[in-house]
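Note sheet for the following structure.
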Amino acid sequence: MAAGSTYTPIATYTVSSSISTYTFSSVPLTYTDIVLVIKGSLSGSDAIYLRFNGDTSSSNYCRNYVYGAGSGAAAGKVNSEAGIAFSAGTDQGNTIIHIFNYANTTTKKAVILRNDYLSNATVATAGMWQINNAAISSISLTTASGNNYTSGTMFTLYGISAA
């Protein structure tokens, strides 16, 4: 889907003091898809769990990922985890998370995520909330090991209308 007027800003939050979790708690169900952009970094290297509607069950999410940095690359899959995990750290660049058909109540929720690092690395992740067909009304991003989002990190949620 082309960028432009189809992207409508829903909410923006800028971290003023370090936090380990941020939640968009009232996501309107009026768009086709939503996109979450994170600009900023963590206090240390950590995994971040993307979770929906407060669901923290250790088996309700899955993902496949591809990682590339310079001459190195890796790929893998995780069939069961407590959120769609992706890594972040002090050299974090931009993270762009596209959640498809988030308001639909008849299908599982698919996610495409791209995570860029200032150290010349990129991770692409395809994930799914594989247990629940519920519409997504809240989105949480939680660090796994207690490292914090640093002051100035910005979370922006966009709604995408059908073209």
Side-chain angles (χ1 to χ4, degrees), residues 1-3 7 9-15 18-24 27 32-102 107-132 136 138-160:
M1 189 172 287
Y7 280 64
I10 297 171
T12 297
Y13 176 74
T14 302
V15 175
S18 62
I19 58 172
S20 61
T21 298
Y22 183 71
T23 301
F24 289 97
V27 178
T32 306
D33 300 340
I34 48 179
V35 172
L36 173 56
V37 178
I38 306 168
K39 295 180 180 182
S41 61
L42 295 177
S43 58
S45 294
D46 208 337
I48 297 174
Y49 287 114
L50 172 67
R51 296 174 171 148
F52 305 125
N53 298 356
D55 184 355
T56 61
S57 176
S58 62
S59 60
N60 288 357
Y61 303 88
C62 62
R63 68 184 157 100
N64 293 292
Y65 62 90
V66 177
Y67 166 85
S71 62
K77 69 177 182 173
V78 179
N79 292 325
S80 246
E81 61 186 346
I84 298 169
F86 61 97
S87 60
T90 58
D91 68 336
Q92 191 66 29
N94 293 325
T95 301
I96 301 170
I97 303 167
H98 191 132
I99 305 168
F100 301 92
N101 294 314
Y102 78 103
T107 61
K108 308 296 186 244
K109 304 307 176 278
V111 172
I112 299 289
L113 182 149
R114 190 188 81 224
N115 196 11
D116 299 323
Y117 294 88
L118 301 175
S119 61
N120 198 27
T122 298
V123 179
T125 302
M128 181 174 284
W129 190 23
Q130 62 187 357
I131 300 301
N132 201 321
I136 296 172
S138 74
I139 301 169
S140 295
L141 297 142
T142 303
T143 61
S145 301
N147 286 296
N148 290 324
Y149 293 102
T150 57
S151 180
T153 296
M154 186 167 45
F155 301 90
T156 304
L157 186 65
Y158 297 92
I160 301 177

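None of these values were measured; they are calculated from a predicted model. Basis for what follows: all heavy atoms, side chains included, without hydrogens, waters or symmetry-related copies.
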Quick note, ring-ring contact (aromatic ring centres under 6.0 Å, His included) partners involving residues 33-55, not counting sequence neighbours, are F52-W129
Quick note, ring-ring contact (aromatic ring centres under 6.0 Å, His included) partners involving residues 64-85, not counting sequence neighbours, are none
Closest heavy-atom pair, A88 versus L42, reported as atoms and distance to 0.1 Å, is CB-CD1, 3.5 Å
For N53, the side chain to side chain donor-acceptor pair (under 3.5 Å) test, sequence neighbours excluded, returns S137
Those residues at least two apart in sequence (or on a different chain) that pass side chain to side chain donor-acceptor pair (under 3.5 Å) with T142 are T21
Residues passing the ring pair (Phe, Tyr, Trp, His ring centres under 6.0 Å) test with F86, sequence neighbours excluded, are none
When V78, N60, V111 are each screened for side-chain contact (heavy atoms from CB on, under 4.5 Å) with I84, the one that passes is V111
Contacts of S18 meeting side chain to side chain contact (heavy atoms under 4.5 Å, CB included) (sequence neighbours excluded), chain-then-number -> N148
Value for NZ (K109) from CG (N132), rounded to nearest 0.5 Å, stands at 7.0 Å
Heavy-atom side-chain proximity of I48 to I38 below 4.5 angstrom:
no
Heavy-atom closest pair (P9 atom, Y7 atom, distance to 0.1 Å) is CD-O, 3.8 Å
Across all chains, not counting sequence neighbours, the side chain to side chain donor-acceptor pair (under 3.5 Å) partners of T23 are S140
For residues L36 and F24, determine if any side-chain heavy atom of one lies less than 4.5 Å from a side-chain heavy atom of the other. yes
Can you check whether I10 reaches Y158 side chain to side chain, under 4.5 Å on heavy atoms? no
Side chains of residues 117-127: which donor-acceptor pairs under 3.5 Å do they make with residues two or more places apart or in other chains?
residue : atom : partner : partner atom : Å
Y117    : OH   : S87     : O            : 2.8
Y117    : OH   : S87     : OG           : 2.5
S119    : OG   : D91     : OD2          : 2.5
T122    : OG1  : D116    : OD1          : 3.3

Contacts satisfying salt bridge (Lys or Arg N to Asp or Glu O under 4.0 Å) that involve residues 39-63 (not counting sequence neighbours) are R63-E81
I97 and L50 have their tightest heavy-atom pair at CG2-CD2, 3.8 Å
The reported gap from CE in M128 to CD1 in I112 (rounded to nearest 0.5 angstrom) is 9.5 Å
Here the pair of heavy atoms bringing K108 nearest to I131 is NZ-O, 3.8 Å
d(F100 CZ, T32 OG1) to nearest 0.5 Å is 11.5 Å
Those residues at least two apart in sequence (or on a different chain) that pass side chain to side chain contact (heavy atoms under 4.5 Å, CB included) with S151 are none
So do the side chains of S80 and Q130 get within less than 4.5 Å of each other, counting heavy atoms only?
yes
One should read off an interatomic distance between C62 SG and N79 CG, to the nearest 0.5 angstrom, of 7.0 Å
Contacts of F155 meeting ring pair (Phe, Tyr, Trp, His ring centres under 6.0 Å) (sequence neighbours excluded), chain-then-number -> Y22, Y149
